[in-house]
Amino acid sequence: MEEFFCVDKYNLSLFQQSEIDEPTKLFAKYTNDLQNFIRSGKYSYLDSVPNFKDTLFEEKLMWLRHRFQKNDFPKFDIICVASLFTFFWQKTIDTINFSKKFLDSNGKLYVGGVAATILPDEMQAEVGEEVYIHRGLLDSRKNFEKDDDVIIDTLSPDYSILEEIDYKYPSGNAYFGYTTRGCIRRCEFCAVHTLEPEYKNYVDIREQLSQAEEQFGNKQYLLLMDNNVLASSEFSKIIDDLKECGFAKGATYIPSDEYEITMKNLMSGYNDRAYIRKMIQLYNELDKKLPEESAGKFYSAREGHHLLYLVSATKEKIFEFDSIARPLFEKYFKRIKRMHYIDFNQGLDARLFTEEIAAKLAEINIRPLRIAFDHFEQRAIYEKAVRTAAKYGIRDMSNYVLYNFKDEPDDLYHRLKLNIDLCEELNVSIYSFPMKYHPIRDPKYFRNRDYLGEHWNKKFIRAIQAIINATKGKIGRGRSFFEAAFGKNLDEFHDLLWMPEALIIYRVKNDALSKEWQQKFHSLNTSELAEAKKIIMANKFSDSDILQAKFANVRQLLKFYQIRRDD
């Protein structure tokens with residue numbers, strides 16, 4: 001008897017396939033409605049389902065509803081939960097507590113990851129003493145309170161879990177790995193020295209990639225999560241390993257046959273849930289490529305094998321359907337040669353960037369090169385690193401720019417503008433990624449994202465976020481693009497910081513309204529301006545907030561801040 005469960009931080013869906021015959025044939029497309037009824041008990045979800053009032057069918061649905069209410073879920077000996085950043089705190093705690101419903105009476109629930117390592121005591125207090133909090137990496141042979149031959153931290157990730165969900169991960173066509181661990185720095189704003197306290201000069205990536213390719217097929221990108229690879233005394237060997245793995249300068253590859261990989265994993269019984277879903281997705285993709293007449297025949301054949309919908313699909317039916325599907329996949333799915341790329345995703349340390357390192361990096365298909373630009377005081381170091389990279393032909397960069405730490409807003413503008421200047425001078429492409437600082441250990445702020453740096457206020461933060469939202473999170477190389485987003489100079493940038501949020505986002509479409517606000521803002525006298533800025537910095541613009549202003553000109557100005565995006 002096969003049960004389908006979907007557990008996430010928002011809900012639990014239950015549908016027991018073999019208990020109801022009809023959904024596997026006639027009602028597969030109503031699965032979401034059936035699941036919603038089981039969760040909520042609301043008959044309105046069944047309005048679109050034909051014949052749901054059939055006595056036997058309704059009885060079975062009510063039985064499943066009763067199981068759901070009683071938390072009668074499958075039980076497991078071990079459950080592991082990975083925690084993310086602390087500003088997802090409540091969702092993490094809710095997920096951990098919900099997971100207890102699936103734990104056998106003698107089972108154990110383990111929680112690890114970023115939040116668990118940084119705030120273990122706070123987490124323990126909220127999830128109870130029965131939950132084991134693991135701090136740091138799983139980098140020893142002692143796993144889950146027993147000795148094991150496996151070092152979990154060196155295993156290749158299980159990429160099949162990306163096939164279990166509807167959401168398409170942006171980096172789904174990438175390997176993930178490490179060639180070093182930890183960092184030699186102890187930057188005040190960074191938690192790496194807590195998460196990975198010991199710097200490891202070398203982690204062999206070759207076996208991980210070999211295992212991943214054999215099981216899941218080859219991938220275009222390699223995302224390396226090293227926190228400071230340039231500090232490694234084995235850096236040259238690491239680059240040679242990457243070249244050996246097929247990521248040398250100019251290296252290409254031919255994508256694996258997704259149909260063949262899916263069939264192979266289904267035949268071996270590797271994560272049937274994932275690869276049955278994957279096969280239904282592949283059928284749907286094939287259907288879009290087929291000529292109209294062939295598509296009709298393919299649809300009918302799928303229908304005859306109950307392979308139109310995930311809920312009715314079985315791998316036995318997929319194997320029977322192979323003689324029909326395989327020739328079509330071979331004919332209509334062309335695998336074209338592509339470039340291989342490497343991304344040191346956490347960024348490289350500009351302070352360690354040398355001519356020798358740049359020359360070595362130029363031996364691999366690195367795209368993009370990432371260099372952190374955390375402080376404007378490091379301008380000379382940062383600029384030298386960018387110039388050195390350009391000298392050795394590394395022209396695609398995507399650099400992190402920290403703000404809301406100890407910097408002033410003008411520092412952020414200067415750093416972003418410097419990247420624009422360097423793009424034009426060196427004929428390179430630098431995408432700037434502003435990254436907002438958040439003190440994840442602070443008891444006052446670890447549950448939210450409300451922290452304000454000493455030179456920042458709520459309005460300035462919202463202004464930067466509004467601009468970034470409009471630019472989709474990154475600032476490209478074009479000067480006109482940058483100046484339209486952040487202003488041609490500091491005066492225009494300052495205006496944007498004070499401007500109403502809706503006008504920031506839509507100022508091009510509503511230029512007259514933006515200019516009207518600007519005229520009123522700059523016409524305030526010294527006393528009026530001081531009062532206006534005090535209210536604007538709090539970023540609260542209800543009628544009662546506006547009425548607190550004693551100057552009529554200020555009250556008129558503040559009305560602009562009540563304009564919503566929808567307006």
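Reckoned from all heavy atoms, side chains included, excluding hydrogens, waters and symmetry mates. Since this is a predicted model, take the numbers as computed values, not measurements.
- For Arg477, there are no side-chain hydrogen bond (donor to acceptor under 3.5 Å, both in side chains) partners, not counting sequence neighbours.
- Using a 4.5 Å heavy-atom cutoff, the side chains of Leu422 and Met397 are not in contact.
- Judged as a ring pair (Phe, Tyr, Trp, His ring centres under 6.0 Å), and not counting sequence neighbours, the contacts of Tyr253 are His340.
- Under the salt bridge (charged side-chain N to carboxylate O under 4.0 Å, His left out) criterion, Lys243 pairs with Asp240, Glu363, not counting sequence neighbours.
- Shown here are the side chain to side chain contact (heavy atoms under 4.5 Å, CB included) partners of Asp343, two or more places apart in sequence or in another chain: Leu223, Asn345, Pro368, Arg370.
- Shown here is Phe88, whose CZ atom has no more than 12 heavy atoms of other residues, nucleotides or ligands within 6.0 Å.
- Taken from CG in Asn228 to CZ in Arg351, the straight-line distance is 7.5 Å, to the nearest 0.5 Å.
- With respect to Asp104 and Lys75, no salt bridge is recorded, no charged nitrogen being found less than 4.0 Å from a carboxylate O.
- Paired with Tyr259 under the rule ring-ring contact (aromatic ring centres under 6.0 Å, His included), one option of Phe333, Tyr283, Phe329 passes, and it is Phe329.
- Note on Asp166 versus Arg277: salt bridge recorded, some NZ/NE/NH1/NH2 to OD/OE distance being below 4.0 Å.
- Here the shortest heavy-atom pairing between Ile238 and Val229 reads CD1-CG2, 4.1 Å.
- Arg387 is linked by a side-chain hydrogen bond (donor to acceptor under 3.5 Å, both in side chains) to Glu383, Glu425, counting only residues two or more places apart in sequence or in another chain.
- Nearest heavy-atom pair across Phe216 and Pro157 is CE1-O, 3.7 Å.
- For residues 121-131, the set of pairs meeting the salt bridge (Lys or Arg N to Asp or Glu O under 4.0 Å) definition, not counting sequence neighbours, comprises Lys100-Glu130, Asp121-Arg135, Glu126-Arg447.
- By the 4.5 Å heavy-atom criterion applied to side chains, Ile133 and Gln124 are counted as neighbours.
- Residues that satisfy the ring pair (Phe, Tyr, Trp, His ring centres under 6.0 Å) test with His414, not counting sequence neighbours, are Phe376.
- Remark: the Asp396 side chain and the Ser429 side chain contain no N/O donor-acceptor pair separated by less than 3.5 Å.
- Using modelled atom types and a 3.5 Å distance limit, the side chains of Gln215 and Gln211 yield no donor-acceptor pair.
- In terms of the ring pair (Phe, Tyr, Trp, His ring centres under 6.0 Å) criterion, residue partners of Tyr221 (sequence neighbours excluded) are, by chain and number, Tyr341.
- Taking the six-membered ring where the residue is Trp, the centroids of Phe482 and Tyr413 are separated by under 6.0 Å.
- With sequence neighbours left out, Tyr403 forms a ring pair (Phe, Tyr, Trp, His ring centres under 6.0 Å) with Trp456.
- A pairwise comparison of heavy atoms in Ser236 and Lys360 identifies OG-CE, 3.3 Å as the closest pair.
- Checked against side-chain hydrogen bond (donor to acceptor under 3.5 Å, both in side chains), Glu198 has no partners two or more places apart in sequence or in another chain.
- With sequence neighbours left out, the salt bridge (charged side-chain N to carboxylate O under 4.0 Å, His left out) criterion links Lys219 to no other residue.
- Taking Tyr382 as the reference, Asn399, Asn419 meet the side-chain hydrogen bond (donor to acceptor under 3.5 Å, both in side chains) condition, with sequence neighbours excluded.
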